[in-house]
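Keep in mind that the numbers below use all heavy atoms, side chains included, and drop hydrogens, waters and symmetry copies. The shown structure was predicted, so the numbers you read here are calculated from the model rather than taken from an experiment.
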Amino acid sequence: MANGQWYPPEWPDRIRALASGTLTPAAPRRAATVMLLKDGESGPLVHMLRRRASMAFAGGAYAYPGGGVDPRDDERHVGWAGPTRAWWAKRLGVEETTAQAIVCAAVRETYEEAGVLLAGPAADSVVGDTTGEDWEADRAALVGRELSFAEFLDRRGLVLRSDLLGAWTRWITPEFEPRRYDTWFFVAALPEGQRTRNASTEADRTVWIRPREAAVSYDEGDLLMMPPTIATLRQLIPYATAAEALAAAPERDLTPVLARARLEGDEIVLSWPGHDEFTKHVPNDLPTGGASA
């Protein structure tokens, strides 16, 4: 039975072009995504959204709230609580300004796409209800990039709660993809008093689901996912509570996972180091445009 691994039919042609030197890899953009957790009766649930089928990239696939870094958040001072920027720089393996921008992206995208804001008026608090018209106006301005996240926090008198995030893993889009991202995955717990909603124009459905249940649905071919999504879901299964997952985050290995494509005889072999389940063997003698998973 086929599983739910997202695999575009154009990949083999692009892999051949990369191998022949006729395809120049695009530079990956910095990005962040958040696995938002809450405790259920039989363990933690994770918030997922389904990308609209009309989306050019991973249409119909289930994913987490996330998106690209806003360069405006590199330099501007941000109200900050929790581990220092220097701590985050060391944890993420980047400069301090870059670390700030990545953490800002994680918090901003969670707010933009799920309506959940990991920020508060003080270092030991979080905002409550964010569903009013004034909040929605600010959220829309963030989505439209009319407002940077640093400016948003300043206007609201809020500090970013970096202590509510845990860096979990890092994946880089394969070199043969036209749109590439260097993505840091984070875990976070749903703050008390807040609730998720489908605030994303890119999603047509959102769910709270047990990681094990989502993984089974993927294995049965019912849920479509990209390799980083199903890989991280499997990694969450052992934890009994959201707090346990967050406590485990500081010890997680953040060595980037980058897909590799190589020619072996008459096959193209596509693999993700450390994740053998995603390996694909594609005949190398198919006509252009005729390859499939």
Side-chain angles (χ1 to χ4, degrees), residues 32-39 44-47 64-89 91-92 96-168 184-200 206 208 241-243 245-247 249-250:
T33 191
V34 177
M35 298 179 286
L36 190 62
L37 305 174
K38 72 175 182 179
D39 290 328
L45 307 172
V46 61
H47 179 70
Y64 313 115
V69 165
D70 185 343
R72 294 176 295 179
D73 291 329
D74 281 61
E75 299 291 347
R76 180 163 175 163
H77 177 76
V78 174
W80 195 271
T84 65
R85 293 166 180 80
W87 184 94
W88 278 106
R91 178 72 181 114
L92 302 180
E96 285 190 34
T97 55
T98 300
Q100 173 178 287
I102 292 167
V103 173
C104 280
V107 177
R108 188 197 70 241
E109 289 289 338
T110 306
Y111 180 50
E112 287 183 5
E113 299 193 350
V116 170
L117 184 57
L118 305 176
D124 59 352
S125 64
V126 291
V127 298
D129 186 6
T130 62
T131 59
E133 290 184 6
D134 58 334
W135 284 102
E136 181 58 26
D138 277 352
R139 194 194 65 81
L142 287 168
V143 172
R145 297 300 181 260
E146 301 163 13
L147 187 67
S148 74
F149 193 63
E151 291 169 337
F152 165 74
L153 292 176
D154 280 350
R155 282 175 46 172
R156 290 278 177 179
L158 300 175
V159 294
L160 183 152
R161 291 287 306 276
S162 79
D163 55 314
L164 300 181
L165 286 168
W168 192 261
W184 282 262
F185 285 69
F186 295 84
V187 288
L190 180 68
E192 186 176 351
Q194 294 192 37
R195 59 182 180 180
T196 57
R197 57 194 174 93
N198 184 6
S200 173
T206 62
W208 282 101
T241 65
L246 280 166

(request) Check the pair Val78 / Phe149 against side-chain contact (heavy atoms from CB on, under 4.5 Å), numbers first and verdict last. (result) CA-CA 9 Å; Val78 174; Phe149 193 63; 5.5 Å; no
Measure across [X] and [Y] and return the closest heavy-atom pair with its distance rounded to 0.1 Å.
X      : Y      : result
Val187 : Ala245 : CG2-O, 4.3 Å
Ala119 : Leu153 : CB-CD2, 4.1 Å
Val69  : Ala101 : CG1-CB, 3.5 Å
Ala81  : Val159 : CB-CG2, 4.3 Å
His47  : Thr206 : CE1-CB, 3.7 Å
Ala150 : Asp73  : N-OD1, 3.2 Å

Counting distance only, does the side-chain N/O of [X] pair as donor-acceptor with the main-chain N or O of [Y] below 3.5 Å?
X      : Y      : value
Asp39  : Ala242 : yes
Thr33  : Phe185 : no
Gln194 : Thr130 : no
Arg161 : Ser125 : yes
Arg85  : Ala99  : no

Nearest 0.5 Å please: distance from the [atom1] atom of [X] over to the [atom2] atom of [Y].
X      : Y      : atom1 : atom2 : answer
Leu165 : Met35  : CG    : CE    : 11.0 Å
Gln100 : His77  : CD    : NE2   : 8.0 Å
Ser148 : Leu142 : OG    : CG    : 8.0 Å
Leu158 : Leu118 : CG    : CG    : 11.5 Å
Leu190 : Leu37  : CG    : CG    : 9.5 Å

(request) Run the ring-centre check on Tyr111 versus Phe152 and record whether the distance is less than 6.0 Å. (result)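 When the ring centroids of Tyr111 and Phe152 are compared, they turn out to be within the sub-6.0 Å range.
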(request) Please assess Val126 against Leu164 for the test side-chain contact (heavy atoms from CB on, under 4.5 Å), listing each intermediate value before the final yes or no. (result) CA-CA 10 Å; Val126 291; Leu164 300 181; 3.6 Å; yes
(request) Applying salt bridge (Lys or Arg N to Asp or Glu O under 4.0 Å), name anything that partners Arg72, two or more places apart in sequence or on another chain. (result)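 Result, salt bridge (Lys or Arg N to Asp or Glu O under 4.0 Å) vs Arg72: Asp70.
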(message) The test is side-chain contact (heavy atoms from CB on, under 4.5 Å); show your working for Val107 and Leu117 and say whether it passes.
(response) CA-CA 7 Å; Val107 177; Leu117 184 57; 4.3 Å; yes
Any side-chain heavy-atom pair from [X] and [Y] closer than 4.5 angstrom?
X      : Y      : answer
Leu36  : Val116 : yes
Val34  : Trp168 : no
Thr110 : Phe186 : no
Trp208 : Val46  : no
Trp135 : Arg156 : yes

(message) Before you tell me yes or no, could you show the steps for Glu112 and Arg145 under salt bridge (charged side-chain N to carboxylate O under 4.0 Å, His left out), namely the whole-Å CA-CA distance, both residues' side-chain angles and the distance that decides it to 0.1 Å?
(response) CA-CA 11 Å; Glu112 287 183 5; Arg145 297 300 181 260; 2.8 Å; yes
(message) I'd like to check the side-chain contact (heavy atoms from CB on, under 4.5 Å) partners of Arg155; sequence neighbours left out, ordered by chain and number.
(response)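 Scan of Arg155 (side-chain contact (heavy atoms from CB on, under 4.5 Å), adjacent residues dropped) gives Asp138, Leu147.
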(message) Under 4.0 Å between a side-chain nitrogen and a carboxylate oxygen: does that hold for Lys38 and Glu192?
(response)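 Between Glu192 and Lys38 there is no salt bridge, as every charged N stays at least 4.0 Å from the carboxylate O atoms.
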(message) Just to verify, what does Trp87 make a ring-ring contact (aromatic ring centres under 6.0 Å, His included) with, not counting sequence neighbours?
(response)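 If we apply the ring-ring contact (aromatic ring centres under 6.0 Å, His included) test to Trp87, skipping adjacent residues, there are no hits.
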(request) Let me see the working for Trp80 and Val103 under side-chain contact (heavy atoms from CB on, under 4.5 Å), right down to the final yes or no. (result) CA-CA 10 Å; Trp80 195 271; Val103 173; 3.7 Å; yes
